[in-house]
There are 2 protein chains.
Amino acid sequence: MFQSHVVVKQKFLTFPGLRHAGPCGASKDSTIKLEADQTIYSEGEHALAIYQVEAGAVRIYRLTASGHRHILSFCSKGEWFGLEKGHVRTDFAEAVCETRIRPFPADPDAVISIDLLNIALTNLAKAQDRQLVMTEQSALKRVAAFVQEMAERRPEEPEFDMMMSRSDIADYLGLTIETVARSFTKLRDRHIIRLNGKLQRSVRLLDRGALRALTI
Amino acid sequence: MFQSHVVVKQKFLTFPGLRHAGPCGASKDSTIKLEADQTIYSEGEHALAIYQVEAGAVRIYRLTASGHRHILSFCSKGEWFGLEKGHVRTDFAEAVCETRIRPFPADPDAVISIDLLNIALTNLAKAQDRQLVMTEQSALKRVAAFVQEMAERRPEEPEFDMMMSRSDIADYLGLTIETVARSFTKLRDRHIIRLNGKLQRSVRLLDRGALRALTI
DNA sequence: CGCTTCATTGAGATATGTCAATCAGAGTGG
DNA sequence: CCACTCTGATTGACATATCTCAATGAAGCG
């Protein structure tokens, strides 16, 4: 058992984000710029920092013993990741696309102002919501829930870019790439969404009601 | 944004567990005795307390809009539940069998000693582990993972009682009762477990290695 | 133009859901 | 004691959704 503040001090003894001090590394405002697929941290590493996404998206995943990748969550602007129970990373974090993140905080004293409990509870709530989505048997519903989740992150924009590949989505929803593609096709054929762009990752919502109906 | 300690004080203004002050209610050592299936709290209620299980087991679940029950977690001896992000319950908590729980803490000053962050992170880690189990496509593997989870809670005992019904297990693993029963039969036929008792809820592990192999 | 990558589509195999019947144990009442 | 019922678990037969394997399509790039 340990107290929150003790944990904090243990976690942030050293300046986080050192591995990113390359050409794509931290600028003087302490944000870190990442290219697509660049690793932020890996399983087994010492957990030195938590991060907040400033732009782009991050995937948090684990590798099963059988070598399958399971994506636990996607984090986009404003969301926090990297808060762990122990001092060792249990998962991997990578940029989905060109991304900017902020390690937080470098200063052990400043960290007291971060509400770690709130971050943990927010992530817990999301993990629980996802559990419900995963047990929805229908692949179409899972994909619909995913689109809904992505759409909610940009409530104002009529069209948005999902950024992640079909493979990412499949590993997130526990489906195969083919089933994900078929589900997107169904949503398109039912005039619920329109897909645009080279990689069909740009989504325009045509029928929010129908989408929402699928997620319930 | 709020600080942990502020949350604590808001959460515990009143003495928790008032609804349990019946014949099965709190004794003077503040533990609460519950019969099987007795409700601890329900969705929509004001969150007044967190709880620790002293004996028995508790199921935490949600009801989907379509009326399906999804069990988020089972909590057994020593485990904490009822810590929520907001002030309103988002799920239901019920005793699986005859159960004893301790509301914690009644005193706003004593609560400071509870490591809420640790509880939240423990629950988060469990929720994430479960995500991996849920996306294991094979029903047999999910049931094996469930048996493994139950067995780990009693590492010393050669035989243990699962307490929960096939229906509970199905709602936990995102399967049907029939598939759960078939999976248990397979585990029995492969001499991995032996099932005993009227309701076949008592499990004796015959081949831990084979069980573990299924969960990987 | 060939090559690569990512997405889509098709055909067949398989696991799980659905519906229905049966079984085992406990309790109840005659 | 025996028939009856009730509950929870199991088993069977069939339908179907998703996975698997394979082919095709579309866009970018050397």
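No hydrogens, no waters, no symmetry mates; every other heavy atom, side chains included, goes into these values. Residue numbering restarts at 1 for every chain, and letters A, B, ... go by the order of the sequence lines.
In this structure, the CG atom of B/D37 is 13 Å from the C1' atom of D/dG8, given to the nearest Å. What separates CZ of B/R142 from C1' of C/dA15 is a distance of 11 Å, to the nearest Å. Atom P of nucleotide C/dA7 and atom CZ of A/F184 are separated by 10 Å, given to the nearest angstrom. One atom, CG of A/L173, and another, P of D/dT18, lie 12 Å apart when rounded to the nearest Å. As rounded to whole Å, 12 Å separates atom P of D/dC19 from atom CG of A/D171. The nearest whole Å value for the distance from the CG atom in A/L140 to the C1' atom in D/dT18 is 13 Å. Whole-Å rounding puts the A/K186 NZ to C/dA7 C1' distance at 17 Å. Residue A/D189 contributes atom CG, which lies 12 Å from atom C1' of C/dT8 at whole-angstrom precision.
With C/dG17, D/dT18, D/dT10 as the choices, the nucleotide that has an atom nearest any side-chain atom of B/T176 turns out to be C/dG17. Listed nucleotides D/dA9, C/dT18, C/dT16 differ in distance to B/A139; the shortest reach to its side chain belongs to C/dT16. Residue B/E178 places its side chain closer to C/dA20 than to any other of C/dA7, D/dT18, C/dA20. With D/dG8, C/dA7, D/dT10 as the choices, the nucleotide that has an atom nearest any side-chain atom of B/L199 turns out to be D/dG8.
Taking 4.0 angstrom as the limit, A/T179 places none of its side-chain polar atoms (N or O) nearer than this to OP1 or OP2 of D/dT18. In this structure, A/T185 does not reach the C/dT8 phosphate: none of its side-chain N or O atoms is under 4.0 Å from OP1 or OP2. The side chain of B/R201 contributes an N or O atom lying less than 4.0 Å from OP1 or OP2 of D/dA9.
The environment of B/K126 atom NZ is dense: over 12 non-hydrogen atoms of other residues, nucleotides or ligands sit within 6.0 angstrom.
Counting any heavy atom pair closer than 4.0 Å across all strands shown, A/R188 reaches sugar-phosphate atoms only and no base atom. Contacts of B/G174 with the nucleic acid, taken as non-hydrogen atoms under 4.0 Å apart, involve only primed sugar atoms and P, OP1 or OP2.
B/Q52 places a side-chain N or O within donor-acceptor distance of the main-chain N or O of B/G78, the cut-off being under 3.5 Å. Side chain of B/R89 to backbone of B/G82: a donor-acceptor contact under 3.5 angstrom is found.
Contact of A/R182 with C/dG10 (side chain to base): a donor-acceptor pair of N or O atoms is detected under 3.5 Å. Judged by distance alone, with hydrogens and angles left aside, B/R166 brings no side-chain donor or acceptor close enough to the base of D/dT7 to form a pair under 3.5 Å.
No close placement of the A/Y41 and A/F92 rings is indicated, their centers lying 6.0 Å or farther apart.
Note that A/R166 lies in the cation-pi zone of A/F184, set by a 6.0 Å cut-off to the ring centre and a 45° limit from the axis.
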